[in-house]
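Below: one structure, written as structure tokens.
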Amino acid sequence: MPKQIAIYGKGGIGKSSTASNVAAACADDGYRVTIIGCDPKSDSSITLLRGRRIPTIMDLMREGMDIKEEDIVFNGYKGVKCVEIGGPEPGIGCAGRGIIVAISLLKKISKAIEETDLVIYDVPGDIVCGGFVAPVKKGLVNEAYVLTSGEYMPLYAANNICKGLSRLEMTLNGVICNSRGAPNEENIVSEFAKEIGSQLLAFIPKDVLVQTCEREGFSVIEKAPDSGIAGVYRKLAHSIMTRNEGKIPVPLNDIRLRELTKI
């Protein structure tokens, strides 16, 4: 059975950058990887495809197309299989339900999920509605990771995600800090992880190289493989592939959350 993980976090916190670089690093290590973008922005796989934006399952379904595997599954860097679910039309439908329908279709016409070592679901999580925890509720995920920075709002979103996981009795396998350069950031996120019953799995320093590579349509792993930041992503990828333990998180109250950001 493949390792099936979800990376959750506030919109704009760097989930897609992290997911794509982890996917590329795992592919470098010889793992078969599938990345499934669950964000309506459909940008999870773009840096694995040299800047190419691929059709989304939801768009093709709306067009009434007879969808085949080659229409929605694309080979990216080192053979990483890339799928973008997309989202509903603005103001219409539920993104979460769309995730369920789209993945059901994917499993019918492709073995991209079954014939792989690692499946990464890149999932938005500003508001943890029943829809955005769809991959967990449907048993598509066996590990969950939360991405945050040391600022209050990303931590607030991360804490909300932990509330959702707790209600589902789903374990959290680790917290990842994607630095925004906030004061004392690593200590803040490390303490947050500890207090919810988890641990800080990686601290990704703020590095302009990540954005530079993305603008050119590449992951850091592909474009700057010998850089320090690529080494950070490789270490995180190794931690994820060798990690099995997790605990149901115990979310914090808002007073404690605000106290943490003042450490």
Side-chain angles (χ1 to χ4, degrees), residues 5-29 31 33-54 56 74 76-78 80-87 118-126 132 144-151 153-155 157-158 161 173-182 185-186 189 200-241:
I5 73 170
I7 298 180
Y8 286 97
K10 184 182 185 302
I13 197 61
K15 291 185 311 301
S16 296
S17 295
T18 302
S20 60
N21 276 290
V22 165
C26 288
D28 269 357
D29 283 342
Y31 292 108
V33 183
T34 296
I35 186 166
I36 300 177
C38 301
D39 194 312
K41 295 193 302 295
S42 64
D43 60 353
S44 301
S45 61
I46 199 165
T47 59
L48 295 164
L49 295 156
R50 300 197 167 188
R52 180 186 177 193
R53 192 174 286 275
I54 60 176
T56 74
F74 296 82
Y77 175 74
K78 293 282 181 78
V80 175
K81 293 188 183 302
C82 301
V83 180
E84 293 286 354
I85 287 177
L118 172 67
V119 182
I120 301 175
Y121 291 91
D122 176 10
V123 191
D126 289 72
F132 287 127
Y145 296 85
V146 170
L147 190 75
T148 185
S149 70
E151 301 158 306
M153 286 310 298
L155 280 172
I161 290 162
N173 290 71
V175 177
I176 302 163
C177 179
N178 195 39
S179 175
R180 296 297 187 88
E185 194 165 20
E186 187 170 3
V189 180
L200 180 61
L201 201 60
F203 177 78
I204 304 170
K206 188 175 182 179
D207 193 326
V208 69
L209 185 58
V210 178
Q211 284 71 43
T212 300
C213 291
E214 285 183 350
R215 280 195 296 270
E216 296 178 18
F218 294 91
S219 66
V220 172
I221 297 295
E222 181 174 4
K223 188 71 173 178
D226 299 322
S227 63
I229 193 69
V232 173
Y233 285 124
R234 291 185 196 283
K235 186 176 178 181
L236 172 58
H238 176 74
S239 295
I240 288 173
M241 290 308 298

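Keep in mind the model is a prediction, meaning the values are calculated, not measured.
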To the nearest 0.5 Å, atom CG of Leu155 lies from atom OG1 of Thr148 at 4.0 Å
Applying side chain to side chain donor-acceptor pair (under 3.5 Å) to Ser227 and not counting sequence neighbours gives none
All heavy atoms of Ile221 vs all of Ala230, minimum pair found to be CD1-O, 3.7 Å
Would you compute the distance between atom SG of Cys213 and atom CZ of Phe218 and round it to the nearest 0.5 angstrom? 8.5 Å
Between Glu185 (side chain only) and Arg180 (backbone N and O only), is there a donor and an acceptor less than 3.5 Å apart? yes
How many angstroms lie between atom SG of Cys82 and atom CD1 of Ile36, to the nearest 0.5 angstrom? 10.5 Å
Looking at every heavy atom in both Leu118 and Met241, which two are closest together, and how far apart are they? CD2-SD, 3.8 Å
To the nearest 0.5 angstrom, please state how far the CG atom of Asp43 sits from the CD atom of Glu214. 8.5 Å
Side-chain donor-acceptor pairs of residues 45-53 under 3.5 Å, sequence neighbours excluded:
residue: Ser45; atom: OG; partner: Glu84; partner atom: OE2; Å: 3.0
residue: Thr47; atom: OG1; partner: Ser20; partner atom: OG; Å: 3.1
residue: Arg50; atom: NE; partner: Glu222; partner atom: OE2; Å: 2.9
residue: Arg50; atom: NH2; partner: Glu222; partner atom: OE2; Å: 2.8
residue: Arg53; atom: NH1; partner: Lys41; partner atom: O; Å: 2.9
residue: Arg53; atom: NH1; partner: Ser42; partner atom: O; Å: 3.1
residue: Arg53; atom: NH1; partner: Ser42; partner atom: OG; Å: 3.3

Between Asp207 (side chain only) and Leu209 (backbone N and O only), is there a donor and an acceptor less than 3.5 Å apart? yes
Please determine whether side chain to side chain contact (heavy atoms under 4.5 Å, CB included) holds for the pair Ile5 and Asn173, giving the CA-CA distance in whole Å, both sets of side-chain angles, and the decisive distance to 0.1 Å. CA-CA 9 Å; Ile5 73 170; Asn173 290 71; over 6 Å; no
Does some side-chain heavy atom of Ser149 sit less than 4.5 Å from a side-chain heavy atom of Asn178? no
Val22 versus Tyr145: any side-chain heavy-atom pair under 4.5 Å? no
Identify the two heavy atoms, one from Glu216 and one from Lys223, that lie closest to each other, and give their separation to 0.1 Å. OE1-CE, 2.9 Å
Verdict with supporting geometry, Val232 and Asn21, side chain to side chain contact (heavy atoms under 4.5 Å, CB included): CA-CA 10 Å; Val232 173; Asn21 276 290; over 6 Å; no
Do Asp28 and Arg234 have side chains that approach each other closer than 4.5 Å (heavy atoms only, starting at C-beta)? yes
Nearest 0.5 Å please: distance from the OG atom of Ser179 over to the CD1 atom of Ile204. 9.5 Å
Heavy-atom nearest pair, Cys38 first then Tyr121, reads SG-CD2, 3.9 Å
Which atom of Ser44 lies closest to which atom of Asp122, heavy atoms considered: OG-OD2, 2.6 Å
Spacing of Ile7 atom CD1 and Ile161 atom CD1 [to the nearest 0.5 Å]: 11.5 Å
Closest non-hydrogen contact found for Tyr233 with Ala25 is O-CB, 4.2 Å
